[in-house]
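Worksheet: the structure to be examined is printed underneath.
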Amino acid sequence: MGRSWAWRPVTLIALLLPAALLTASTGYGYHRDELYFRVLAWHPAWGYVDQPPMTPLLTRAGIALFGDTQTGIRVFPALAAAVLVVLVSLIARELGGGAVAQVLAALGAATGTYPLIAGHFSLTISYDLPLWAAAVLFMLRALTRGQPRWWLAAGAVVGVATYNKHLIALLVLGLAAGLLLAGPRRTLASPWLWGGALLAVVLAVPNLVYQATHGWPQLAMAAALSDTKGGEMRALFVPMQVVLFGPAAAVIAAFGFARMWRDRRVRALAVAYPVAAALTLASGGRFDYTGGLIAMLFAAGCVSVESAGRARVRAAYAGLAATGLLSAVIALPVIPEARLAATPVPAVNETARESVGWPRFAATVRRVLDELPESERARAVVLTGSYGEYGALRRAGLTRVYSGHNQLHEYGPPPADATIAVVVNIGPRGRALFASCEERARVDNGVGVDNEEQGLPVHLCRTPAQPWPALWPRFQHYS
């Protein structure tokens, strides 16, 4: 290693990024996941049925500290993005990169589509990326410095990361496969490595106990995602590996893989990427599950660019600048909402399209409720099929709202006096559980963006077929 850290330019990039992200934080609206995290209980029993507790609790902490606004919710993700910039630059340094490589790595981490989305919204990826980067950095230090005690630091980060998502297991499995296949195999005999593994397990125990005592809901969740989205995710996997950090960064990452493969000390982490990719494809997981490893390969590629001479460095800067502008248009609310539907952005960026139209959605549902006679309104509840819809209605001030989606099923059933329900997105089977249902309205976000809520019918249903405790299990679903 031996290179000094280019802390001045890296720190400048790390400070400018959250400033830009928070400036853009009021564009469009909440993402459905943010609306969901906002209403989850403060004190889960070490988790929720669909995920560990870290991101929801940090979302609620942001509200408590900075206000119940889009900006308040997004302060911690913006800061996490700054941390990612620093960590990726340190990974480049650990792999032998000088100031140029470190600054290139920092710029790429600050301008990629995936990191910008992660820093703009409060999502699980907001914290997964810096956690993976920290784990990779400590693994590299253990492998390159001859200081195996860094395995303890890596284990601690892995253990903490399980409270955000369990996907950190992909990194661990990839490293293990890499050490077995490419070496250095003697590392597998290191007591420090096994000490780090033990530390990770100890830290993760409460999380694992929650899963075991609740019937392993994360497995049910993973199976549901694979069934509903697996084919689509497999088809998108390869092209989205390029889109995640941008085409220029993808090319640089390819050079990074070659560089790490040639270095016997870190070859195992190079192998971790194809292993993680293969596991993701086999399970039908999301294409972004490999994002943390792409960031590592990109940092390694920046070291190769630096050593290739000034012409390559200038080309890399130009490429990152061009793709950075494109990434900003895709990831951030740069295009006016009224013109968004006329662009390819909603098709490429799910978070953009799913953060449009929530106030109009809530107003449509409220209008159906308000049209009821006062005597019926007192007995009415709202049922939604999606946690985003539930969260949007709660954000709009509605209180008698229920959903069977993921963790929200635990917050039901509706009260016994609820003989009337305004229902959204529960499908024909759900509506068949009432004596009658009639369509009363349709959702229109007003800007023509084709998202999950656009065009949804709003039904008014009467007289549940059975008491709510008997019906409620039939509304439960994972996705």
Side-chain angles (χ1 to χ4, degrees), residues 17 21 31 33 51 54-55 77 80-89 91-92 105-137 139-140 157-158 161-162 164-175 225 229 233-234 236-254 256-257 260 269-281 283-302 320 323-324 327 330-331 348-351:
L17 176 60
L21 290 170
H31 185 262
D33 286 7
Q51 64 193 293
M54 182 183 292
T55 299
V83 172
L84 176 67
V85 166
V86 171
L87 290 170
V88 174
S89 76
I91 289 172
L107 283 173
T111 58
T113 305
Y114 189 49
L116 285 175
I117 290 172
H120 177 59
F121 294 103
S122 184
L123 307 171
T124 52
I125 62 171
S126 304
Y127 308 104
D128 242 24
L129 278 173
L131 285 167
W132 276 56
V136 165
L137 176 64
M139 290 172 181
L140 285 170
V157 173
V158 168
T162 64
N164 190 55
K165 290 183 84 168
H166 297 150
L167 288 175
I168 196 72
L170 279 178
L171 174 59
V172 175
L173 291 172
L175 173 68
L225 291 174
K229 295 284 189 178
M233 291 300 107
R234 292 185 182 97
L236 290 172
F237 184 83
V238 172
M240 292 305 292
Q241 299 301 285
V242 176
V243 173
L244 286 176
F245 284 78
V251 172
I252 294 172
F257 179 86
M260 292 185 70
L269 279 170
V271 172
Y273 173 77
V275 170
L279 291 172
T280 301
L281 283 166
S283 63
R286 287 181 56 88
F287 49 75
D288 55 13
Y289 288 177
T290 57
L293 287 167
I294 293 176
M296 174 195 71
L297 296 176
F298 169 72
C302 290
L320 289 177
T323 58
S327 294
I330 293 173
V348 177
N349 181 7
E350 172 270 336
T351 59

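Nearest approach of A270 to M260, heavy atoms of both residues: CB-CB, 3.7 Å. Taking both residues in full, the closest heavy atoms of P77 and A118 are given as CB-O, 3.7 Å, listed atom of the first, atom of the second, then distance. Contact between L244 and G291 at its shortest, heavy atoms only, is CD1-CA, 4.5 Å. The heavy-atom pair separating L320 from A248 by the smallest distance is N-CB, 3.9 Å. Nearest approach of A109 to L84, heavy atoms of both residues: O-CD2, 4.3 Å. When all heavy atoms of H120 and A331 are compared, the closest pair comes out as CD2-O, 4.3 Å.
Once rounded to the nearest 0.5 Å, the distance linking SG of C302 with CG of L297 reads 11.0 Å. How far CG of L167 is from OG1 of T124: 8.0 Å, rounded to the nearest 0.5 Å. Atoms CG and CD, from D288 and E350 in turn, are 10.0 Å apart once rounded to the nearest 0.5 Å. One finds the CE atom of M296 at 14.0 Å from the CG atom of L87 (value rounded to the nearest 0.5 Å).
Counting heavy atoms from C-beta outward, M139 and V157 have side chains that stay 4.5 Å or more apart. Between T323 and T111, every side-chain heavy-atom pair lies at or beyond the 4.5 Å cut-off. In this structure, T55 and S122 have side chains that are in contact, with non-hydrogen atoms separated by less than 4.5 Å. The side-chain heavy atoms of L269 and L175, taken from C-beta on, include a pair separated by under 4.5 Å. Side-chain contact between Y289 and K165 is present, with heavy atoms from C-beta onward closer than 4.5 Å. No side-chain heavy atom of D33 sits under 4.5 Å from any side-chain heavy atom of F121.
Using the six-membered ring where Trp is involved, F245 and F298 have ring planes that are parallel, under 30° apart on the 30 and 60° scheme.
The closest donor-acceptor contact from the side chain of T280 to the backbone of F287 lies at 3.5 Å or more, if one exists at all. A donor-acceptor pair under 3.5 Å is absent between the side-chain atoms of S126 and the main chain of G119, judged by distance alone.
Residues forming a side chain to side chain donor-acceptor pair (under 3.5 Å) with T351 (at least two apart in sequence, or on another chain): N349. For the side-chain contact (heavy atoms from CB on, under 4.5 Å) test, residues two or more places apart in sequence or in another chain that qualify with M54 are L58, Y127, L131, V160, Y163, N164. Remark: V275 pairs with A177, V271, L279 by the side-chain contact (heavy atoms from CB on, under 4.5 Å) rule, at least two apart or across chains.
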| Pair L116-L17, side chain to side chain contact (heavy atoms under 4.5 Å, CB included): steps then yes or no | CA-CA 9 Å; L116 285 175; L17 176 60; 3.9 Å; yes

